[in-house]
Amino acid sequence: MQDSHARVYAAIAAIPPGRVASYGAIAARAGLPGRARLVGRLLGEVPDGMELPWFRVLRASGEIALPRGSRDFREQVRRLRAEGVEVKNGRVALSAFGLDANLDRALWGM
DNA sequence: ATCCTGACCACAA
DNA sequence: GTTGTGGCCAGGA
């Protein structure tokens with residue numbers, strides 16, 4: 001396993017229950033700014049058994065990244081709501097539940 | 001080596 | 001809301 005992969009997993013594992021973070025924010029917290037796609041790729045390869053709060057990772061827009069109506073999509077909504085995160089129309093308000101709502105902008109913007 | 005794809009992101013129209 | 005553009009880069013063909 002690559003060191004970068006381990007750091008991404010650690011960053012995801014560090015999201016507290018009831019909160020969410022974007023792919024970009026996770027990458028940044030893993031010391032890999034600008035590598036949001038790596039996070040997405042890794043999440044697609046998470047083995048069923050692995051203990052990881054993958055459902056707390058959303059797009060920068062707050063949308064769930066999975067296809068609407070897919071089994072995993074519904075699973076993600078269910079698990080988020082189970083810990084108090086409001087999901088409206090496949091989306092979460094990062095301003096209310098996001099860990100670093102402004103981090104993405106700070107990294108790429110300006 | 002190249003080309004294409006993708007649980008991404010921001011910015012400008 | 002919607003493109004489109006450019007950036008990122010691992011994996012597979």
Side-chain angles (χ1 to χ4, degrees):
Chain A
M1 148 124 35
Q2 294 278 329
D3 183 64
S4 56
H5 297 192
R7 292 209 308 279
V8 168
Y9 289 135
I12 295 173
I15 308 173
R19 315 224 73 198
V20 297
S22 72
Y23 290 81
I26 291 300
R29 285 181 151 232
L32 303 162
R35 308 275 320 266
R37 298 193 83 135
L38 174 63
V39 178
R41 192 179 62 75
L42 288 180
L43 278 178
E45 295 175 355
V46 173
D48 282 7
M50 191 189 315
E51 180 72 35
L52 197 72
W54 56 270
F55 54 91
R56 300 193 185 119
V57 185
L58 308 172
R59 287 189 182 151
S61 59
E63 291 170 301
I64 288 176
L66 279 54
R68 296 261 187 161
S70 70
R71 185 191 149 283
D72 287 336
F73 175 94
R74 286 192 295 276
E75 172 77 2
Q76 183 162 15
V77 173
R78 189 176 61 75
R79 298 185 74 164
L80 285 173
R81 286 178 174 159
E83 55 184 40
V85 176
E86 291 178 31
V87 185
K88 253 188 317 182
N89 213 293
R91 151 177 313 202
V92 172
L94 297 188
S95 53
F97 299 97
L99 269 196
D100 348 60
N102 311 335
L103 184 51
D104 290 316
R105 209 163 297 282
L107 281 169
W108 280 282
M110 322 191 158

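To find a chain, count down the sequence lines: A is the first, B the second, and so on, and within it residues start at 1.
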In whole Å, what is the span from the CD1 atom of I64(A) to the P atom of dC8(B)? 13 Å
Determine whether more than 12 heavy atoms belonging to other residues, nucleotides or ligands lie under 6.0 Å from atom CD of E83(A). yes
Spacing of L32(A) atom CG relative to dA10(C) atom C1', expressed in whole Å: 13 Å
Looking at every non-hydrogen atom in both residues, tell me the closest pair between R56(A) and R19(A) and how far apart they are. CD-O, 3.3 Å
Keeping the roles fixed (side chain from R91(A), backbone from I64(A)), state whether a donor-acceptor pair exists under 3.5 Å. no
What is the distance, to the nearest angstrom, from the CD atom on E75(A) to the C1' atom on dA7(B)? 15 Å
Atom CD1 in I26(A), atom CG in L99(A): separation rounded to 0.5 Å? 7.5 Å
Integer-rounded Å distance: dC8(B) P and Y23(A) OH: 6 Å
Of the listed nucleotides (dG11(C), dG1(C), dC9(B)), which one gets closest to any side-chain atom of H5(A)? dG11(C)
Return the value, rounded to whole Å, for the distance between atom CD of E45(A) and atom P of dA7(B). 11 Å
Output the single nucleotide from dA7(B), dC8(C), dC9(B) whose closest atom is nearest the side chain of S22(A). dC9(B)
Between dC9(B), dC9(C), dA7(B), which nucleotide has the shortest distance from any of its atoms to the side chain of R35(A)? dC9(C)
CZ of R59(A) versus P of dC11(B): gap in Å, rounded? 17 Å
Does R41(A) get its side chain close enough to the base of dG6(B), under 3.5 Å, for a donor-acceptor pair? no
When you get a sec, tell me which of dC9(B), dG1(C), dA7(B) is the closest nucleotide to the side chain of R91(A)? dG1(C)
Measure OH/Y9(A) against P/dA7(B) and give the value in whole Å, please. 15 Å
R37(A) has a side chain; which of dA10(B), dA7(B), dG7(C) sits nearest to it? dG7(C)
Quick one: closest heavy-atom pair of Q76(A) and F55(A), and the distance? NE2-O, 2.9 Å
Nucleotide dA7(B), atom P - distance to CZ of R68(A) in whole Å: 16 Å
Please state the C1' separation for the pair dA7(B) and dT5(C) - nearest whole angstrom. 22 Å
